[in-house]
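Scope of the values below: all heavy atoms of this structure, side chains included, with no hydrogens, waters or symmetry mates.
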Amino acid sequence: MKKILSLVAFALTLMSTQVVAMSASPATGYTETKYPIVLVHGFLGFDSLLGVDYWYKVVETLEKDGASVFVVTVPNASTPEIRGEVLIPQIEDILAVTGAEKVNLIGHSHGGPTTRYVASVRPDLVASVTSISGVNKGTPIADKLMELSDDSAAFDAVFGTLVNTAAQVLNVISGANYDGVNAMVAIESMTTANGDIFNAQHPGGIPATACGEGAYQANGVHYYSWAGADPTTNVLDPTDLITIAFGQFFPSGVAHDGFVGSCAAHLGMVIRDDFRMNHLDEVNQFLGLHDLTETDPLTVFRTHANRLKLTGL
């Protein structure tokens, strides 16, 4: 009997030791990815403008549960190639500061092709690319605007002046102060034809079909995407008027978020392409106003960070 009691005591002691050892191991947070998350804005984007962040409450939401997050700026109006070349040294600086080997890139709108360019030319720096309503196969808005510009010198002069002025003003007010900002060049890069050319040169994650998924992994880089499909989401949001207006450029029956077609935004693993979100809701704008019956955009970011974590990224 004593021998049995001794064995039981020994077993309990061993179990207790294992429990202590397990509890002593560092716990990781829900969004604590292996590699830093780098957020890349879209066309006419910024990091912060007059106290309002482009990625409204996204950074603090991800950092709260363990993620290391960096917001970068690139020229707000240029080609994906130029924007990408500006992004590369910023990534190298982040890796130097953090000691990480790679980063998880998340790009919104024109930030989609921008991050894809970096993954294509410098895959050694990138663990994953996530495209949020990325202009991955162009947009009919750019097609129509460039058609009007080509057909009318007057339209080209007036519209070009307006949009370039807007880009320059945002460039200065946001403190980015990049040289060579050109909105018409940026818009031209987002046409369907130029999207096809870009995709032929940087095919990672691009679907072979009109509305399918692309390769989940290419050249060691993981690819993901999601998009909204509703230009009108909250009557209290004044910026819905913008997505409603630009949504008129889309053919009837084509799902879109007011700026980018839902299928055209596909890249790699498609998380969803039918969120009741417009192009601004996807980054939690304007000031977090969105369709109250849809998943909170911040929850989408948190869930995706956890997805990256569980994938070992």
- Among T130, L267, I271, find the one that has a side-chain contact (heavy atoms from CB on, under 4.5 Å) with S225. L267

- Message: Test your reading of the model: is there a side-chain donor-acceptor pair from N219 to the backbone of V221, 3.5 Å cut-off?
- Response: no

- Counting distance only, does the side-chain N/O of S109 pair as donor-acceptor with the main-chain N or O of G42 below 3.5 Å? no

- Item | Y223 vs Y216 side-chain heavy atoms within contact, under 4.5 Å | no

- Euclidean distance, D237 CG relative to F286 CZ, rounded to 0.5 Å: 7.0 Å

- Can you tell if the side chain of I132 reaches within under 4.5 Å of the side chain of F301, non-hydrogen atoms only? yes

- Message: Within a 6.0 Å radius of atom OH on Y178, are there more than 12 heavy atoms belonging to other residues, nucleotides or ligands?
- Response: yes

- Look up atom OG1 in T31 and atom CG in L62, then write down how far apart they are to the nearest 0.5 Å. 5.5 Å

- Query: Do D291 and T233 meet the criterion of a side-chain donor-acceptor pair at a distance under 3.5 Å?
  - Reply: no

- Query: Between D257 (side chain) and D230 (backbone), is there a donor-acceptor pair under 3.5 Å?
  - Reply: no

- Query: Hey, quick one: are V71 and L87 part of the same hydrophobic cluster, counting side-chain heavy atoms closer than 4.5 Å, chains of contacts allowed?
  - Reply: no

- Task: Could you note down all residue pairs passing salt bridge (Lys or Arg N to Asp or Glu O under 4.0 Å) where residues 53-68 supplies at least one of them, sequence neighbours left out?
- Result: D65-R302

- Under 3.5 Å, is there a donor-acceptor pair between the side chain of T303 and the main chain of T299? yes

- Item | Test side chain to side chain donor-acceptor pair (under 3.5 Å) applied to K309 and T28, step by step | CA-CA 10 Å; K309 172 188 173 179; T28 57; 2.8 Å; yes

- Short question: side chain of E147, backbone of K144 - any donor-acceptor pair under 3.5 Å? no

- Query: Side-chain heavy atoms under 4.5 angstrom apart, residues restricted to Ile, Leu, Val, Met, Phe, Trp, Tyr: same cluster for V69 and I106?
  - Reply: yes

- Ignoring hydrogens and angles, tell me if any N or O in the side chain of N171 forms a donor-acceptor pair with the backbone of A176 under 3.5 Å. no

- Can you name the nearest heavy-atom pair linking N136 to A264, along with the distance? CB-O, 3.4 Å

- Do V121 and I82 belong together in a cluster built from hydrophobic side chains that touch within less than 4.5 Å? no

- Here the pair of heavy atoms bringing A227 nearest to A265 is CB-CB, 3.8 Å

- Item | Non-hydrogen side-chain atoms of L308 and H222 separated by less than 4.5 Å | no

- Taking atom OG1 of T295 and atom CZ of R272, what is their separation to the nearest 0.5 Å? 5.5 Å

- Task: Under the side-chain contact (heavy atoms from CB on, under 4.5 Å) rule, what do L125 and V103 come out as? Steps first, then yes or no, please.
- Result: CA-CA 6 Å; L125 301 177; V103 296; 5.5 Å; no

- Message: Any non-hydrogen side-chain atom of Y117 less than 4.5 Å from a side-chain atom of F198?
- Response: yes

- Query: Do E85 and R122 meet the salt-bridge criterion of a basic N to acidic O distance under 4.0 Å?
  - Reply: no

- Message: Would you compute the distance between atom CG of L241 and atom CZ of F246 and round it to the nearest 0.5 angstrom?
- Response: 12.0 Å

- Query: Short question: side chain of E282, backbone of G228 - any donor-acceptor pair under 3.5 Å?
  - Reply: yes

- Between S262 and D274: side-chain donor-acceptor atoms closer than 3.5 Å: no

- Task: Heavy atoms only: give me the nearest G312-Y35 pair and the separation to one decimal.
- Result: O-CE1, 4.1 Å

- pair I37-L105: side-chain heavy atoms closer than 4.5 Å: no

- Message: Count I, L, V, M, F, W, Y as connected when their side-chain heavy atoms are under 4.5 Å apart, and connections chain through other members. Are F250 and L145 then in the same cluster?
- Response: yes

- Message: Closer than 3.5 angstrom, by distance alone: can the side chain of N182 be matched with the main-chain N or O of S78 as a donor-acceptor pair?
- Response: no

- Message: Going by side-chain hydrogen bond (donor to acceptor under 3.5 Å, both in side chains), S128 matches just one of T115, T311, T33, N104. Which one?
- Response: N104

- Item | Expected output: side-chain T98 to main-chain I94 donor-acceptor under 3.5 Å | yes

- Query: Would you call Q90 and F70 a side-chain contact if the rule is heavy atoms closer than 4.5 Å?
  - Reply: no

- Selection residues 86-115 - residue pairs positive for ring pair (Phe, Tyr, Trp, His ring centres under 6.0 Å), sequence neighbours left out: Y54-H108, H108-H279

- Centroid-to-centroid, H41 to W55, below 6.0 Å? no

- For residues L39 and V59, determine if any side-chain heavy atom of one lies less than 4.5 Å from a side-chain heavy atom of the other. yes

- Message: With rounding to the nearest 0.5 angstrom, report the CD1 to CD1 distance, I141 to I187.
- Response: 9.5 Å

- Message: One pair to check against side-chain contact (heavy atoms from CB on, under 4.5 Å): F259 and I242. What are the steps and the verdict?
- Response: CA-CA 9 Å; F259 280 96; I242 300 173; 3.7 Å; yes

- Message: According to side chain to side chain donor-acceptor pair (under 3.5 Å), does anything in residues 194-207 pair up with another residue at least two apart or in another chain? List the pairs.
- Response: R116-N199, S120-H202, T191-N194

- salt bridge (charged side-chain N to carboxylate O under 4.0 Å, His left out) assessment of K34 paired with E101: CA-CA 10 Å; K34 178 179 180 180; E101 297 176 352; 5.5 Å; no

- Nearest heavy-atom approach of L44 to L170 is O-CD1, 3.6 Å

- Query: Which heavy atom in V181 sits nearest to a heavy atom in A167, and how many Å separate them?
  - Reply: CG1-CB, 3.6 Å

- Task: To the nearest 0.5 angstrom, please state how far the OG1 atom of T243 sits from the NE2 atom of H256.
- Result: 9.0 Å

- Task: Please answer: with hydrophobic residues joined when any side-chain heavy atoms are less than 4.5 Å apart, are V169 and V163 in the same cluster?
- Result: yes

- Item | Min side-chain heavy-atom separation H290-M277 under 4.5 Å | no

- Applying side-chain contact (heavy atoms from CB on, under 4.5 Å), run through F249 and V254 and close with a yes or a no. CA-CA 10 Å; F249 286 88; V254 173; over 6 Å; no

- Query: Would H266 and E213 satisfy side-chain contact (heavy atoms from CB on, under 4.5 Å), going step by step from the backbone distance to the final call?
  - Reply: CA-CA 6 Å; H266 284 197; E213 290 188 301; 5.5 Å; no

- Message: Could you check whether any side-chain N or O of D240 sits under 3.5 Å from a backbone N or O of N234, counting only pairs where one atom can act as donor and the other as acceptor?
- Response: yes

- Query: Which pair of heavy atoms, one from L280 and one from N278, lies closest together, and at what distance?
  - Reply: N-OD1, 2.9 Å

